[in-house]
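Here the structure is laid out as structure tokens; the discussion comes afterwards.
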Amino acid sequence: MSPPSRILVDGVYGAGKSTLAERLADRLGLPWYPVDDQLWEPGWVEVPVPVQRERMSEVCRRDRWILDGAYHGWRDVVLARADLVVGLDYPRWLSYGRLLRRTLRRLLTGEVICNGNRETLGSVLSRESILVWHVTAFGRARRRMRAWQADPAGPPVLLFRSPAELDRWLADLPRHPAGRRQD
């Protein structure tokens, strides 16, 4: 079986979607298109959903890609073209713990993320906090991934319930000699 060339990595906030997408890109020699870079402008201005859909449609028309998430306004576009969905179906305590550590690190270091944005104490303590999003989205993300896996009409879905399980799968993937490419 040849390796997939269009991969969606999905999971709840903090599960490790972007980290896995980057690892897969390096391992398989596929271009990775970070979703947050498509959705957020500087100053945390959200791109309107029709523009998001247009941007994601452009990416998905390509023959090779990895995306680290798919949101409601354009999820159908990604699923229609994906060769494989890799779902991080980790326990809540694990994904929330990762998210909390990452958020605290970003606060302390001032790390720049998606288009020059930074997490701030105000954003972390707000009702729109990514920590709050995790709590409210966890069950939906889990149900969505499991429904995709059960749907024979959709792309194949691999669900990983632990990092060790994921690492075993990654170890068996072929390694592209040139590493990540941009198409």
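All of these numbers come straight from a predicted model, not from anything done at the bench.
Annotation for Pro163 and Leu94: closest pair CD-CD2, 3.6 Å, computed over non-hydrogen atoms. Of all heavy-atom pairs between Ala141 and Gly11, the closest is CB-C, 4.4 Å. Nearest heavy atoms, Val157 versus Met145: CG1-O, 4.1 Å. Taking each heavy atom of Pro4 and Leu30 in turn, the nearest pair found is O-CD1, 3.6 Å. Closest of all the heavy-atom pairs between Gly14 and Leu99 is CA-CB, 3.8 Å. Minimum interatomic distance between Ala15 and Tyr90 (heavy atoms only, all atoms of both residues): O-CE1, 3.4 Å.
Side chains of Pro156 and Asp83 form no contact here, defined as non-hydrogen atoms less than 4.5 Å apart. The shortest side-chain heavy-atom distance between Arg75 and Trp148 falls under the 4.5 Å cut-off. Residues Leu84 and Leu8 have side chains not in contact (no heavy-atom distance under 4.5 Å, counting atoms from C-beta outward). You'll find the side chain of Leu24 reaches within 4.5 Å of the side chain of Leu170, heavy atoms only. Inter-residue side-chain proximity for Pro34 and Leu67 is flagged as unmet; no heavy-atom pair is nearer than 4.5 Å. With contacts defined as side-chain heavy-atom distances shorter than 4.5 Å, the pair Arg142/Val12 does not qualify. Side-chain contact between Asn115 and Trp44 is absent, with no heavy atoms from C-beta onward closer than 4.5 Å. The side-chain heavy atoms of Phe160 and Asp89, taken from C-beta on, include no pair separated by under 4.5 Å.
Annotation: salt bridge (Lys or Arg N to Asp or Glu O under 4.0 Å) contacts of Asp10 (sequence neighbours excluded): Arg144. Every residue two or more places apart in sequence or in another chain that forms a side chain to side chain donor-acceptor pair (under 3.5 Å) with Thr120 is listed here: Ser123.
Using a 4.0 Å cut-off between charged nitrogen and carboxylate oxygen, Asp76 and Arg53 count as a salt-bridge pair. Between Asp167 and Arg23, at least one side-chain nitrogen of the basic residue sits less than 4.0 Å from a carboxylate oxygen of the acidic one, meeting the salt-bridge criterion.
Other residues, nucleotides and ligands place more than 12 heavy atoms under 6.0 Å from the CD atom of Glu41. Arg92 CZ: more than 12 foreign heavy atoms inside a 6.0 Å radius.
No donor-acceptor distance shorter than 3.5 angstrom exists from the side chain of Asp172 to the backbone of Trp169, with no hydrogens or angles considered. Listed for the Arg140 side chain is a donor-acceptor partner under 3.5 Å among the backbone atoms of Thr136.
Paired with Tyr33 under the rule side-chain hydrogen bond (donor to acceptor under 3.5 Å, both in side chains), one option of Glu58, Gln38, Arg62, Arg55 passes, and it is Arg62.
Of the inter-residue distances, the one linking Ile7 atom CD1 with Arg64 atom CZ reads 10.0 Å to the nearest 0.5 angstrom. Between the CG atom in Leu88 and the NZ atom in Lys17 there is a gap of 8.0 Å [rounded to 0.5 Å]. Between the CD atom of Glu119 and the CZ atom of Arg106 there is a distance of 5.0 Å, given to the nearest 0.5 Å. Note: Leu104 CG to Leu108 CG = 6.5 Å, rounded to the nearest 0.5 Å. The distance from the OG atom of Ser162 to the CD atom of Glu165 is 5.0 Å, given to the nearest 0.5 Å. Taking CZ of Arg27 as the start and CD of Glu22 as the end, the distance is 14.5 Å to the nearest 0.5 Å.
Residues Val47 and Val35 do not share a hydrophobic cluster, defined by chaining ILVMFWY side chains whose heavy atoms lie under 4.5 Å apart. When hydrophobic clusters are built by joining Ile, Leu, Val, Met, Phe, Trp and Tyr residues whose side-chain heavy atoms come closer than 4.5 Å, directly or via intermediates, Ile113 is not grouped with Val132. The cluster map of Ile, Leu, Val, Met, Phe, Trp and Tyr, joined by side-chain heavy atoms under 4.5 Å apart, puts Val51 and Val49 in different clusters.
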Original post:
Does the side-chain contact (heavy atoms from CB on, under 4.5 Å) test come out yes or no for Arg105 and Glu111, once each step is laid out?
Top reply: CA-CA 8 Å; Arg105 184 192 75 238; Glu111 179 182 339; 3.0 Å; yes
Original post:
Run the side-chain contact (heavy atoms from CB on, under 4.5 Å) check on Ser5 and Trp65 step by step: do they pass?
Top reply: CA-CA 6 Å; Ser5 58; Trp65 46 260; over 6 Å; no
**OP:** Determine, stepwise, if the pair Tyr13 / His134 fulfils ring pair (Phe, Tyr, Trp, His ring centres under 6.0 Å).
**Re:** CA-CA 6 Å; Tyr13 305 102; His134 180 283; 7.4 Å; no
**OP:** Test Ile66 against Leu20 for side-chain contact (heavy atoms from CB on, under 4.5 Å), laying out the working first.
**Re:** CA-CA 10 Å; Ile66 296 176; Leu20 176 56; over 6 Å; no
Subject >> Audit row: Arg102, Ile130, side-chain contact (heavy atoms from CB on, under 4.5 Å) steps and yes/no >> reply: CA-CA 11 Å; Arg102 181 188 81 186; Ile130 194 163; 3.3 Å; yes
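Between Trp93 and Tyr96, the distance separating the two ring centers is not shorter than 6.0 angstrom.
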